[in-house]
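Below: the structure, in structure tokens.
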Amino acid sequence: MITLNSNFLKLQKNYLFVDIAQRVAKYKSENPDAPVIRLGIGDVTRPLAPAVIEALHKAVDEQAKSETFRGYGPEQGYDFLRQAIVDNVFQPRGVEIGIDEIFINDGAKSDTGNFGDILGRDNTVLITDPVYPVYIDSNVMAGRAGDFADGRWSNIAYAPCTAENNFTPALPTKAPDMIYLCYPNNPTGTVLRRQELQKWVDYALANDALILYDAAYAAYIRHDDVPRSIYEIPGAKKCAVEFHSYSKTAGFTGLRCGFTVVPKDVVARTATGEKVQLNPLWNRRQCTKFNGTPYVVQRAAAAIYTPEGKRQVQETIDYYMENARIMREALTEKGLKVFGGEDAPYIWFRVPEGMTSWEYWEELLHKYNIVSTPGVGFGPSGEGYIRLTAFGTREDCVEAMRRLREG
Ligand code: PLP
């Protein structure tokens with residue numbers, strides 16, 4: 001008889017955003033005229049840049065002629081995009097990454113979720129808490145997480161990130177094998193400065209651990225002492241893989257494209273202790289399970305690196321960051337303790353004394369008609385916090401803050 005991967009049965013039933021959607025739907029059905037503003041889910045609202053649209057049209061037209069038609073592309077991505085990444089993302093920051101260390105994907109969710117395919121099932125895992133849920137759930141599916149009790153998985157180490165430690169995770173006393181770091185952070189909107197990240201790189205090198213570094217929000221960094229890539233940190237090319245996404249960088253949440261960097265120097269050990277490079281293994285995995293990101297989408301992504309593309313994309317990022325500034329200011333004026341939103345498109349704030357995340361979440365919905373995300377939905381250390389995204393329209397953002405100020 002066919003059996004299933006019973007790890008899937010361990011997954012928590014209600015995905016956070018489904019739960020939120022249900023509560024909002026119930027409220028809307030009871031209050032059909034309520035002018036609800038959604039600042040909960042991290043999806044973007046601005047259209048794609050004109051340079052991206054132009055590249056899309058051109059690539060579509062190429063597909064219409066036999067001389068320029070493209071079928072299957074390279075699983076790793078087209079060289080025109082991989083080279084543009086090397087030249088525009090890494091070289092300007094003095095980071096040497098080879099074209100064959102870059103793998104184009106259909107977004108960072110797939111690769112952050114899939115990368116564990118090439119890692120041993122018995123590896124121990126560390127996540128920062130609160131956390132983007134994909135790192136946990138993909139390890140539950142793989143059988144690495146253990147059992148769930150009291151809001152935690154028994155085989156996952158949680159590094160709390162709260163106001164008390166300035167959202168800087170402490171190095172664990174017992175070294176994990178896989179370390180997930182996401183900076184700028186979703187959900188807290190906070191960052192790790194160069195010195196702090198260096199500590200994690202040194203720790204990973206000293207303990208033969210792998211850092212899975214999610215840089216999906218790197219484009220939002222403004223301060224110079226915050227690294228845009230972990231490879232700006234000496235030693236990182238030996239112990240880290242890095243995930244990038246065009247979703248929030250350039251509005252590709254619907255178009256789907258990103259890339260993963262797997263440096264040739266990153267190794268893991270066989271059961272008998274022999275070192276094996278991860279780069280060829282990941283390549284092998286991709287060639288088997290992934291047939292490449294669409295040509296037209298990769299052309300669209302490459303357009304981000306043209307002079308006009310860069311300017312247009314930056315304008316959109318500045319738009320969202322102005323939203324973040326407006327929200328930070330209004331929430332602070334209201335007397336709330338606000339974090340994030342300076343190098344990231346997320347605002348993370350403490351709920352009023354004596355309330356839980358969900359209690360204040362309900363108050364925001366019922367009293368102000370604002371949909372947010374309860375911090376506790378991202379992990380136990382998120383209790384007592386709320387996340388707002390800066391990806392709304394300016395009008396919604398200003399109106400939501402007006403309600404909060406006057407409420
Ligand atoms: N990583 C983080 C931290 C995210 O917040 C998200 C999306 O919200 C992703 C990855 C997924 O991005 P993509 O749309 O590229 O799959």
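FYI, side chains are in, hydrogens and waters are out, and symmetry mates aren't considered; it's all heavy atoms of this structure. Start at 1 and go down the list; that is how both ligands and their atoms are numbered.
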Exercise for the section: Tell me whether the guanidinium CZ or amine NZ of Arg46 lies under 6.0 angstrom from the six-membered ring centre of Tyr319 and within 45° of its axis. Expected result: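 The answer is yes, since Arg46 meets both limits relative to Tyr319.
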
Once the angle between the rings of [X] and [Y] is folded into 0 to 90°, is it parallel (under 30°), tilted (30 to 60°) or perpendicular (over 60°)?
| X | Y | result |
| --- | --- | --- |
| Phe17 | Phe378 | perpendicular |
| Tyr320 | Tyr220 | tilted |
| Phe259 | Tyr246 | tilted |
| Tyr385 | Trp348 | parallel |

Problem - Proximal protein residues to ligand 1, non-hydrogen atoms under 4.0 angstrom - result: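 Answer by chain and number: Gly107, Ala108, Lys109, Tyr132, Tyr135, Cys182, Asn186, Asp214, Ala216, Tyr217, Ser245, Ser247, Lys248, Arg256.
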
Handout entry: Heavy atoms of other groups near Lys237 NZ, more than 12 under 6.0 Å
Key =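 Correct, the count exceeds 12.
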
